[in-house]
2 protein chains.
Amino acid sequence: MSREVLMAAAMEVVDTNGAGAFSMRALGGFLDCDPTAMYRHFATKNALLDALVDSVVRDGVADLPESDDPRADIRANFRQLRRSLLAHPTLAPLVLRRPPGVGAYWERSDHAVAQLHRAGMDPADAANVYQTLLFYTLGHTLSEARQLARAVEKEGAGARGGPVAQVRPPAELHPDLSDVAPHLREDNEAQFLAGLDLILRDLPR
Amino acid sequence: MSREVLMAAAMEVVDTNGAGAFSMRALGGFLDCDPTAMYRHFATKNALLDALVDSVVRDGVADLPESDDPRADIRANFRQLRRSLLAHPTLAPLVLRRPPGVGAYWERSDHAVAQLHRAGMDPADAANVYQTLLFYTLGHTLSEARQLARAVEKEGAGARGGPVAQVRPPAELHPDLSDVAPHLREDNEAQFLAGLDLILRDLPR
DNA sequence: ACCTGAACACCGTTCAAGT
DNA sequence: ACCTGAACACCGTTCAAGT
């Protein structure tokens, strides 16, 4: 049994039953082998999960565009990170286990920073814009993933979650929030992109 | 045994041993009572953890300033959310279990949105700026908390973590990222505030 | 009315034993 | 060289039994 088929099987178990229900015993059952056989390839269950997370973070980086529009290329980068994470909603929160400076982020980070540079931004500003984009994307996407994950765990794989930032406070107590609530978009992707554009608002050129 | 002392004890166990080591049996041992006694007050271990998380999210909202500088007040709001979460680094990632529209966020959200309104921003823009600030803060703070938590689990309570976005890629492979890496601040709070200011950059007035 | 603790159905991981 | 499976030290939660 190769490391690759083991990871593929683990991802399948995670996606169908949820990361919470993933266990070495469950994986052993899925692969018809002893639960302890996996320790040949991964020192620990967490090491296996880290490898799965890294593969998701790296997913699709080879296809990132380098057009003549740096802003569009950056948008594509983070939009695709969001989509890769949402493809595995119960696994997504585990990205926090991987520091954002780890190898799995390098290509993606280099692409984003290169576009900021190309748009004429100096390194200090580029660093700030980059970190803001990254952490905003993680915060938004992980919040969305948790809601999706709840739906998956209840209704099984392929369920749809609701809007990520829906707020229904009592209007008497929280008037300002109530005014704004209707503008928190139903469409999570549109809301997400609006935040990216806000951060990229005055990108040079 | 009241619900309050139970939560206080649970928080103490979480902070000293890490949320990963928290269990009903550990809490029972700490309180010198049967591990199943807690089920009188909380239906489930997760319900107990959710209550802890809500108390952290609500922490300090009563003290949020309303000065004559809306931008400073908003900064104070999210800076304080960051600090409350970092005070319990191993618990912090569990905020993702609470949708950001839940009651624990209401006062805090209302305060932030009120300041945006006060600064002359229309509701649609305020909604976008608010959600961007919130998810950026969550992403940045949870990433930082994870590193702190790793240090706590290794060295015990009170340990210090390193910079949240430290990146050391091989310069030949990732030249742009390497240019920018030195500008990713050592000081996590300064880096965090720089991102807030970026998002709030052209707040009216 | 409240607490107890045995019991059930699980965990991750180790390691001696097999092939 | 690789897999197996018994065993260890844990889990969350339920429920009959105690007080």
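Within every chain, numbering begins at 1; the chains are lettered A, B, ... in the order of the sequence lines, protein sequences first and strands thereafter.
When each of B:Ala37 and A:Pro35 is assigned the nucleotide of DNA chain C bearing its nearest heavy atom, the one mapping closer to the 5' terminus is B:Ala37. Nearer the 5' end of DNA chain C, as judged by each residue's closest nucleotide, is the contact made by A:Ala26, out of A:Ala26 and A:Ala43. In this structure, A:His41 and A:Arg25 both approach DNA chain D, and ranking their closest nucleotides by distance from the 5' end singles out A:His41.
Boundaries of the chain A contact region on DNA chain D are D:dC3 to D:dA7, first to last in 5' to 3' order (nucleotide atom under 4.0 Å from a heavy atom).
Remark: D:dC10 base-pairs with no nucleotide; criterion is Watson-Crick or G-U wobble with both hydrogen-bond distances under 3.5 Å. Searching all strands for a Watson-Crick or G-U wobble partner of C:dT4 with both distances below 3.5 Å returns D:dA16.
Going from the P atom of D:dA9 to that of C:dA9 covers 22 Å, rounded to whole Å.
Within a 6.0 Å sphere centred on NE2 of A:His117, heavy atoms belonging to other residues, nucleotides or ligands number 12 at most.
Between A:Arg75 and A:Asp197 there is a salt bridge, since at least one side-chain N of the basic residue sits less than 4.0 Å from a carboxylate O of the acidic one.
Looking at A:Gln147, its side chain never comes within 3.5 Å of a backbone N or O of A:Ser143 through a donor-acceptor pair.
For B:Arg108, there are no salt bridge (Lys or Arg N to Asp or Glu O under 4.0 Å) partners, not counting sequence neighbours.
Contacts of A:Thr36 with the nucleic acid, taken as non-hydrogen atoms under 4.0 Å apart, include base atoms.
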Please step through side-chain hydrogen bond (donor to acceptor under 3.5 Å, both in side chains) for the pair B:Thr36 and B:Asp34, ending with a clear verdict. CA-CA 5 Å; B:Thr36 65; B:Asp34 195 88; 2.6 Å; yes
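Taking 4.5 Å as the limit, every side-chain heavy atom of A:Pro99 sits out of range of all side-chain heavy atoms of B:Gln166.
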